[in-house]
> 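For reference, the structure I am asking about is given below.
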Amino acid sequence: MPASALMNVMVAAVRKAGRSLARDFGEVEQLQVSIKGPANFVSAADHKAEDILFAELSRARHGYGFLMEERGLVEGPDKSHRWIVDPLDGTTNFLHGVPHFAISIGLERDGEMVAGVIYNPATNDLFTAEKGKGAFVNDRRLRVANRRALADCLVVTGIPHRGRPGHKRFLAECEAAMRETAGVRRLGSAALDLAWVAAGRFDAYWEHSIQAWDIAAGILMVREAGGIVTDLEGGTTMLDNGNILAANGAIQKHMIALLKSA
Ligand code: IPD
Ligand code: CA
Ligand code: CA
């Protein structure tokens, strides 16, 4: 399918910011051995990528608003459009030299997600989706998996770490998932977790208290690949409270029941 003008804008922005992140990722390996470690360097890399995305997207679409991880809310004169951006999702992976991280851009129009791009510059995997036009990875169409029994399903989640609440609840949910599924994974990038559900690699993804910029693009990606995205009650408050479940249609209800049983 020929790329739309909007997709061209989003892809150009992530490719440019991706080149900057990829260069900095190359440096990170060298810094692992230094006493201070790469933390400040990575924070600078994150901000640099966000600056590039902000400049590129502002230039291409005058007046759209932004919700960005580092800048927060930036209102624009155009009240119906808003970019929701995480310049570096998977920061801990990046910091440790693990090549699993991504830039995530979602576009919201009148409160509805209409376009999303998730790009991992370390692997060059480019995930794109537009409302009503399907989801793709590097031009190959994405479909969620069709597994129907939890016992066959590979599921992915986010584990709360130091400084985040919900450790006990997570352990109970994880135990339930361990009991019922073929395997549980934690890869460290919510945006890529969703993209990989869209790609049928994972059957489901869930997480608590996640931010809008982590999931905005991924929500559309999964839906356009034929999957279902809800909060953990089966409702639609994911972007408000950050509690999210993405799955193929056959197992979505089973996943909700499983997490509730925890
Ligand atoms: C994090 C990642 C991670 C998720 C965390 C997020 P960041 O984003 O998406 O997978 O479990 O909740 O904060 O900090 O790397 O942009
Ligand atoms: Ca993030
Ligand atoms: Ca981030």
Side-chain angles (χ1 to χ4, degrees), residues 13-14 17-18 20-22 24-25 28 37-54 66-74 83-106 113 116-123 125 127 155-167 169-171 173-174 177 184-198 201-202 204-222 229 231-232 238-246 259:
V14 295
S20 170
L21 278 183
D24 287 338
F25 187 65
V28 160
N40 291 340
F41 179 82
V42 170
S43 164
D46 187 357
H47 282 87
K48 222 189 301 172
E50 187 172 293
D51 289 347
I52 294 170
L53 295 166
F54 185 71
F66 285 84
L67 175 62
M68 306 187 97
E69 180 165 17
E70 310 303 337
R71 275 178 173 72
L73 204 57
V74 182
W83 301 110
I84 304 181
V85 179
D86 191 342
L88 173 55
D89 186 60
T91 321
T92 307
N93 286 341
F94 189 98
L95 182 70
H96 288 262
V98 177
H100 189 79
F101 55 87
I103 298 166
S104 175
I105 306 180
M113 294 310 307
V117 170
I118 297 169
Y119 177 53
N120 180 352
T123 59
D125 276 342
F127 296 88
V155 300
V156 66
T157 183
I159 305 178
H161 47 78
R162 190 168 67 92
R164 295 260 178 109
H167 291 207
R169 179 186 54 202
F170 174 77
L171 287 173
E173 289 177 349
C174 196
V184 183
R185 299 287 182 269
R186 187 329 176 222
L187 267 56
S189 160
L192 288 173
D193 291 342
L194 284 160
W196 286 29
V197 169
R201 297 171 185 171
F202 295 131
Y205 156 72
W206 89 94
E207 191 158 355
H208 292 265
S209 306
I210 193 119
Q211 301 292 331
W213 46 76
D214 298 313
I215 55 175
I219 289 174
L220 185 69
M221 203 75 61
V222 171
V229 188
D231 57 32
L232 298 173
M238 311 77 71
L239 286 168
D240 306 322
N241 59 29
N243 299 332
I244 182 168
L245 169 69
L259 295 170

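All residue numbers refer to positions in the sequence shown, counting from 1. Every number for a ligand or one of its atoms is a count from 1 in the order of the listing.
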> Are Asn40 and Ser43 linked by a side-chain donor-acceptor pair shorter than 3.5 Å?
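No, no side-chain donor-acceptor contact under 3.5 Å.
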> In order of chain and number, which residues sit within 4.0 Å of ligand 1 by heavy atom?
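Within 4.0 Å of ligand 1, protein side: Glu69, Asp86, Leu88, Asp89, Gly90, Thr91, Gly158, Arg164, Arg186, Gly188, Ser189, Ala190, Glu207, Ile210, Asp214.
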> Return the number of protein N, O or S atoms with a distance to the Ca ion (ligand 2) smaller than 3.0 Å.
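Considering protein N, O and S only, the Ca ion (ligand 2) has 3 within range.
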> In chain order, what residues pass the side-chain hydrogen bond (donor to acceptor under 3.5 Å, both in side chains) check against Asn243, with sequence neighbours excluded?
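Testing Asn243 for side-chain hydrogen bond (donor to acceptor under 3.5 Å, both in side chains), a comparison that skips the adjacent residues, returns none.
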> Under 3.5 Å, side chain of Asn93 to main-chain N/O of Pro99, donor-acceptor pair present?
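Flag not set: sc Asn93 to bb Pro99 has no pair under 3.5 Å.
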> For residues Ser104 and Asp89, is any side-chain donor paired with an opposing acceptor at under 3.5 Å?
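Checked: Ser104/Asp89 side chains show no N/O donor-acceptor pair below 3.5 Å.
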> Hey, are Arg201 and Asp193 close enough for a salt bridge, meaning a charged N less than 4.0 Å from a carboxylate O?
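No salt bridge links Arg201 with Asp193.
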> Do Val42 and Val28 have side chains that approach each other closer than 4.5 Å (heavy atoms only, starting at C-beta)?
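The answer is yes, as the side chains (C-beta and beyond) meet within the 4.5 Å cut-off.
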> Taking the cut-offs as 6.0 angstrom to the six-membered ring centre and 45 degrees off its axis, would you call Arg71 and Phe54 a cation-pi pair?
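Yes, Arg71 sits over the ring of Phe54.
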> Check ring pair (Phe, Tyr, Trp, His ring centres under 6.0 Å) between Tyr119 and all other residues, then give those that pass, not counting sequence neighbours.
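Testing Tyr119 for ring pair (Phe, Tyr, Trp, His ring centres under 6.0 Å), a comparison that skips the adjacent residues, returns none.
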> Taking the inter-plane angle between the rings of Phe25 and Phe94 on a 0 to 90° scale, is it parallel (under 30°), tilted (30 to 60°) or perpendicular (over 60°)?
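Because their plane-to-plane angle lies in the 30° to 60° range, the rings of Phe25 and Phe94 count as tilted.
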